[in-house]
Amino acid sequence: MEASKAVSISFEHVDPTGEVKEKKNPIIFLHAMLCSKKIWGDIPQTVANSTGRRVYTYDARNHGETTHADESDFSFSFNVDDLFLLMDQIKTEMPEHPEQFILVGHDMGGITAIRAALKEPAKFEMVFIVEMYAKPVSNELIKRTKEFVTTWTKCVQELPEGTPKEDVTKLSVESLYGKLEQWMKQDNEKASYLNGKFEYKKSTTGWDAYYNTNTLVKALEDLEKHQEDYQGVYDGPAYFLYGTKSHYEVNDAKDSMKKHFPKAELVPFEGGSHIFVADKPVELAKVIGEKINAVLKV
């Protein structure tokens, strides 16, 4: 497998109100494709407060303020390399030099968390996989994702010059759902996207997406041709969180979960779409905090 080139990872952390409990391993949140570390809103701080742990968020490669690589230097597998590099950096800056981490990964971030936990299981105390299953995604879903990525980018780029930043999400999402094919409009995600905390960057004519569209599309095309089954087992606590109205239907993939995550537990979010992190933040933070505290005896 081709080695990835190192990138500059943009990350932030929050500490619980008061102080970090001694010898408690940190938590890392990994966002979905097309999002950034800002998508989590107040969830990291809430989880930090409830668990007494430091919580990190970061922008994945080709998203937000982290390096945007060219098409020849990106594969989704590189996200795992980036995560391990970030973990090494965290070890040097935290007084306790933690050897283990807790991961919370959504969508693309969930794929990264799954791959990382199966590759180096001893490095992780617990994992939360949000809206992703432990098997390769279907080519049909990849096709739909490519259409969504390219169409949303165009919708952002086509907004009138002078559009206020606070209006970009509303106007671009309204335009997006006017252009998507009917079968994509039925996925119950529009409200979630309208609620999401998405980032954009200035362009010469207005606004542009804060993710690398061409590189992501090329990586998705490569993924269609070269998907591989997951290998390995993570025997620690693992939670697969899913929206009951999501078209991903994570709850239908129990066999693959148990194969690779023997202690996997499914956690439903009633009425949640694939992007329920945007419109059920209180519920999500509560579940994460409670699971950590119950299992790890905080």
Side-chain angles (χ1 to χ4, degrees), residues 24-33 35 39-53 55-57 83 100-118 121 124-137 141 187-189 191-193 195-196 230 233-298:
K24 295 299 180 184
N25 293 319
I27 305 166
I28 303 176
F29 280 73
L30 301 83
H31 65 75
M33 188 186 294
C35 301
I39 193 69
W40 300 106
D42 296 331
I43 296 172
Q45 186 66 67
T46 303
V47 171
N49 291 345
S50 66
T51 63
R53 296 169 184 256
V55 178
Y56 286 84
T57 59
L83 172 61
Q100 285 191 310
F101 296 81
I102 295 174
L103 298 181
V104 181
H106 175 216
D107 182 82
M108 178 186 75
I111 292 176
T112 303
I114 290 170
R115 287 177 169 171
L118 295 180
F124 302 102
E125 190 175 20
M126 177 184 289
V127 296
F128 293 86
I129 310 300
V130 183
E131 271 296 306
M132 186 50 64
Y133 28 67
K135 66 177 184 178
V137 297
L141 185 54
D187 285 341
N188 193 39
E189 294 178 357
S192 297
Y193 277 102
N195 286 333
Y230 288 115
V233 173
Y234 174 76
D235 197 33
Y239 299 93
F240 286 76
L241 285 51
Y242 69 96
T244 59
K245 291 189 177 180
S246 169
H247 62 287
Y248 273 57
E249 298 178 335
V250 170
N251 57 312
D252 289 340
K254 298 183 183 70
D255 290 345
S256 58
M257 289 176 199
K258 290 294 185 179
K259 176 182 176 181
H260 299 291
F261 297 84
K263 297 178 182 176
E265 178 182 325
L266 280 162
V267 182
F269 281 72
E270 292 299 326
S273 74
H274 179 60
I275 318 294
F276 74 81
V277 299
D279 49 23
K280 293 185 178 292
V282 174
E283 296 93 327
L284 178 57
K286 183 173 184 288
V287 165
I288 294 171
E290 288 179 347
K291 295 296 184 185
I292 291 174
N293 291 341
V295 176
L296 303 180
K297 310 300 182 187
V298 174

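One-based numbering along the sequence shown. Computed over heavy atoms, backbone and side chain alike; hydrogens, waters and symmetry mates excluded.
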Taking every non-hydrogen atom, the tightest pair across S256 and A134 =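 It is CB-O, 3.4 Å.
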Closest approach of A285 to I43 (non-hydrogen atoms, all atoms of both residues) |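 Taking every non-hydrogen atom into account, CB-CG2, 4.0 Å.
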Can you check whether [X] reaches [Y] side chain to side chain, under 4.5 Å on heavy atoms?
X    : Y    : answer
K263 : D235 : yes
V267 : Y242 : no
F101 : V127 : no
Y230 : I111 : yes
L30  : I28  : yes
D42  : P281 : no
M126 : Q100 : no
K259 : K254 : no

From CA spacing to verdict: side-chain contact (heavy atoms from CB on, under 4.5 Å), H31, W40 = CA-CA 8 Å; H31 65 75; W40 300 106; 3.9 Å; yes
Determine whether a donor-acceptor pair (N or O, by modelled atom type, separation under 3.5 Å) exists between the side chain of [X] and the backbone of [Y].
X    : Y    : answer
N293 : S50  : yes
E131 : G243 : yes
K245 : G272 : no
K280 : E270 : yes

What distance do [X] atom [atom1] and [Y] atom [atom2] have between them, rounded to the nearest 0.5 Å?
X    : Y    : atom1 : atom2 : answer
N25  : I102 : CG    : CD1   : 6.5 Å
N195 : I39  : CG    : CD1   : 9.5 Å
E249 : T244 : CD    : OG1   : 11.5 Å
T57  : I27  : OG1   : CD1   : 12.0 Å
D279 : E283 : CG    : CD    : 8.5 Å
M257 : M132 : CE    : CE    : 10.5 Å

Heavy atoms of other groups near D252 CG, more than 12 under 6.0 Å =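 Yes, enclosed.
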Compute the ring centroids of Y239 and F128, then answer whether they are less than 6.0 Å apart.
-> yes
Between F240 and F261, does the ring centre distance come in under 6.0 Å?
-> yes
Begin from the C-alpha positions of I114 and H260 and carry the test side-chain contact (heavy atoms from CB on, under 4.5 Å) through to its verdict.
-> CA-CA 9 Å; I114 290 170; H260 299 291; over 6 Å; no
For D107 and Y248, what are the C-alpha separation, side-chain angles and deciding distance, and is it a side chain to side chain donor-acceptor pair (under 3.5 Å)?
-> CA-CA 10 Å; D107 182 82; Y248 273 57; 3.2 Å; yes
Between S246 and S273, a side-chain donor and acceptor under 3.5 Å = no
Would you check, one step at a time, whether the test ring-ring contact (aromatic ring centres under 6.0 Å, His included) holds for F269 with F276?
-> CA-CA 8 Å; F269 281 72; F276 74 81; 4.4 Å; yes
Test the K135-Y133 pair against the cation-pi criterion, namely NZ or CZ under 6.0 angstrom from the six-membered ring centroid and within 45° of the ring axis.
->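 The answer is yes, since K135 meets both limits relative to Y133.
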Is it true that E265 and K291 have a side-chain N and a carboxylate O under 4.0 angstrom from each other?
->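 A salt bridge is present here (some side-chain N lies under 4.0 Å from a carboxylate O).
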Test side-chain contact (heavy atoms from CB on, under 4.5 Å) applied to F29 and I288, step by step | CA-CA 11 Å; F29 280 73; I288 294 171; 4.1 Å; yes
Apply side-chain contact (heavy atoms from CB on, under 4.5 Å) to A113 and list each qualifying residue two or more places apart in sequence or on a separate chain.
->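 Applying side-chain contact (heavy atoms from CB on, under 4.5 Å) to A113 gives L103, I129.
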